[in-house]
Every structure is written in C-alpha cells, then in structure tokens.
Student: 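To start, I am sharing the structure in question, which I have written as structure tokens.
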Amino acid sequence: MPEGPSMVILKEAVQEFKGKKVVEVEGNTKVIDKDLLLNKAIVDFKTWGKHFLICFKGFTVRVHFLLFGTYQINEHKDTPARLHLGFRDGELNIYAASIRIIEGDIDEAYDWTADVMNESWNPLAAKKKMLARPDMVCCDALLNQDIFAGVGNIIKNEVLFRIGIHPLSTVGAIPKTKLAAMIREAKIYSFEFLEWKKAFVLKQHWLVHQQRNCPNGHGPLTIMHLGKTKRKSYFCEQCQKRYGTLENEASLIWKPPAGVRKPNRIATRKPVPKKFR
DNA sequence: AGTAGTGTTCGGCC
DNA sequence: TGGCCGAACACTAC
C-alpha cells in the first residue's frame, strides 16, 4: 500500500466519488469530527507522496496508510473501518490508516514540486535540497519525503541499484551525473512501479529488493539496515560504487537486536471466510 | 504458522 | 533545545 504509486492507483480508483456528497460518516478515527464531513461534497482527490487527500471546500482529509493500511471500495471487511464514507451509491472504507484534517487551502500545505508522481515535480528543486545537505547518505536522501515525496524503501533500493550507487555514498561526493541520474530514476522507477503494480507484476521486476543474489552474477547481495532511517538496504558491493567518507559511519549501520522477538500482533483473530466478505 | 515489512509519529531520555 | 531511540500502530504475503 504505502509508496506513492499506490496512492495514485487509489486516486484513480475513487474517481466515481468525485463531486459526490458524503451521506454517511463512520469509523473509529479519533481526529475527525464526523459532522464536518456529513452532507459535504468531495471537491477532488489528490495525492502528495504517500498521502491520499480527500478535498472538501475549505478543508482536506489527509490519509496516510503507514505500513499496514488498506482500503476497500464498494465493499467492506467485518472489522471496523478507521474511516467509512458512505455515498448515495457506494462507499469508501479505510482501515488502519492515520487520518488528519488539514484546514484551508491545500496548496498552502503541500510543496507539490517535491512529489515525484506530481506533474509539478521539480528535479532542480530536488538537486538543490540534496546539495544543501552534502553529508547525507544516498539511502536517506531517497527516503526523505521533503525531497522525494512518495519514494519508499522498495523504490530506494531499486533506484540505487539502477544507478550503481552504494547506499552509504554521500550526496555531496557522488558525481553530478549520478546525482542527476538518482533524481531522474526516482521518478522513472516510480512510474514503472505504478504500471507494474496495476498489472500485478511489481515483485517480479525487483532486481535487488528482497532478493538474495546480484542479478549481474556477483553472488549474494549485501543486506543491512542503513542510514538514519535504519531501513533495510539490499545492494551489490560490486555493482554499486561508494563515494565519500563518513565521520559517523558506525551510527549509520544498524543491526537489529538479537534474541527473543516480541510478538507483532496483540490478539489473533480468525480470518473471515471468503464467502462472507 | 510465524515473521518481516511498501512508514511515521510520539514521548521519554540524555 | 534537540537528537536519538524504542514503542506503538495493527495487516498480510510469504
């Protein structure tokens, strides 16, 4: 769900509700005054990076799906929705997402030039932002939503492999052609991601992300949690060149704690049989 | 069947 | 004041 292209898919999928009046508001979100939305018409749907935006006159509902969020259109699960919008003919259900209201003009709230999927995406602005932080490592730069809104861990790993740059290379030290390639590929890969995801063939195009071996035959990939973000990087030491030196290198390499892991779910729930969904 | 992950925010602590 | 860290969130493909 979470990366930018998935938000574009969602936006396209809900076009039938554009201009339609919300006639029912439910859900366990705590931050929405349900009466605020009731009987209001949806002016537009927008996306900014990983944000899905439901625009009303004078305010916008911001939806962020984080890692686990899901949605359903004209169908629903039996679990309570975080936000349910009912229309005269149809419904939109959002689960496990972060919801917020943004007051006022949405153009005031967002820098559209930072969104790799937006027509206002500005590569030069991205270049400026990166060169303002020359010591930032490339894996952090790509995940920085102020610079590359919409880019997530998959796109990060694939872009760095495509351009042959080691994730711990610093932004200021890589050749300018590589900097340009990084910015260019962030957008190109995002749109390829979009098409592959629509065709349900995204995973089979991954060259390094969640892979074991270098696609160019260099043997096992290196897999480490890197950068301030500590997100998993998959990369090939031979294909991806490292530039620049780091004073604080140790702090940018993280190992997950060994030993007993905590359960990642609080309660188990029996899956609902498909025929009841 | 148990686990890791397409992510961000928040409070607490130095 | 601010950076760093862990917890929380809560779904599902593999």
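Proteins get letters first, then strands, A, B, ... in listed order; numbering begins at 1 in each. Model, not experiment: these values are computed from the prediction.
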Student: Can you figure out which of B:dT8, B:dG5, C:dG6 approaches the side chain of A:K230 most closely?
Tutor: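 The listed nucleotide nearest to A:K230's side chain is C:dG6.
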
Student: Which nucleotide wins on minimum distance to the side chain of A:K197, given the candidates C:dT12, B:dG5, B:dT6?
Tutor: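 Selected nucleotide (nearest to the side chain): B:dT6.
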
Student: Between B:dG5, B:dT6, C:dC11, which one does the side chain of A:A96 approach most closely?
Tutor: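 For A:A96, the side-chain atoms sit closest to C:dC11.
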
Student: Report yes if a side-chain nitrogen or oxygen of A:R82 is closer than 4.0 Å to either non-bridging phosphate oxygen (OP1 or OP2) of C:dA10; otherwise report no.
Tutor: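 So the side-chain polar atoms of A:R82 do come within 4.0 Å of the phosphate oxygens OP1 or OP2 of C:dA10, strictly under.
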
Student: Of the candidate nucleotides B:dT6, C:dC11, B:dT9, which contains the atom at the shortest distance from the side chain of A:R62?
Tutor: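 Taking heavy atoms from C-beta onward, the closest nucleotide is B:dT9.
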
Student: Picking from C:dC11, B:dC10, C:dC4, which would you name as closest to the side chain of A:T70?
Tutor: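 Among the listed nucleotides, the one closest to the side chain of A:T70 is C:dC11.
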
Student: Quick one: sort the A:F148 and A:W121 rings into parallel, tilted or perpendicular, breaks at 30° and 60°.
Tutor: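 A:F148 vs A:W121 ring planes: tilted.
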
Student: From the options B:dT6, C:dC4, B:dT8, select the nucleotide whose nearest atom is closest to the side chain of A:K228.
Tutor: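 In terms of side-chain proximity for A:K228, the closest of B:dT6, C:dC4, B:dT8 is C:dC4.
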
Student: If the C1' atom of C:dC5 is compared with that of B:dT6, how far apart are they to the nearest Å?
Tutor: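 The answer is 23 Å between these two C1' atoms.
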
Student: Taking the ring of A:Y110 and the ring of A:H51, is the distance between their centroids below 6.0 Å?
Tutor: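 Between A:Y110 and A:H51, which both carry aromatic rings, the centre distance is below 6.0 Å.
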
Student: Among B:dC10, C:dC11, B:dT8, find the nucleotide with the atom closest to the side chain of A:H64.
Tutor: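 Closest of the options to the side chain of A:H64: B:dT8.
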
Student: Counting distance only, does the side-chain N/O of A:E3 pair as donor-acceptor with the main-chain N or O of A:I154 below 3.5 Å?
Tutor: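 Indeed, once roles are kept as given, a pair shorter than 3.5 Å links the two residues.
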
Student: If you check every side-chain atom of A:L66, which of B:dT8, B:dT6, C:dT12 has the closest atom?
Tutor: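 Looking only at heavy atoms from C-beta outward on A:L66, the closest nucleotide is B:dT8.
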
Student: Would you mind classifying the nucleic acid contact of A:Y95 as base, sugar-phosphate or nothing, using non-hydrogen atoms under 4.0 angstrom?
Tutor: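 Nothing, no nucleic acid heavy atom in range.
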
Student: I would like to know whether A:E237 and A:R242 meet salt bridge (Lys or Arg N to Asp or Glu O under 4.0 Å); could you show each step before the answer?
Tutor: CA-CA 8 Å; A:E237 308 267 6; A:R242 184 161 172 185; over 6 Å; no

Student: By nearest atom, which of the nucleotides C:dC14, B:dT8, B:dC10 is closest to the A:K203 side chain?
Tutor: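 Closest nucleotide to the A:K203 side chain: C:dC14.
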
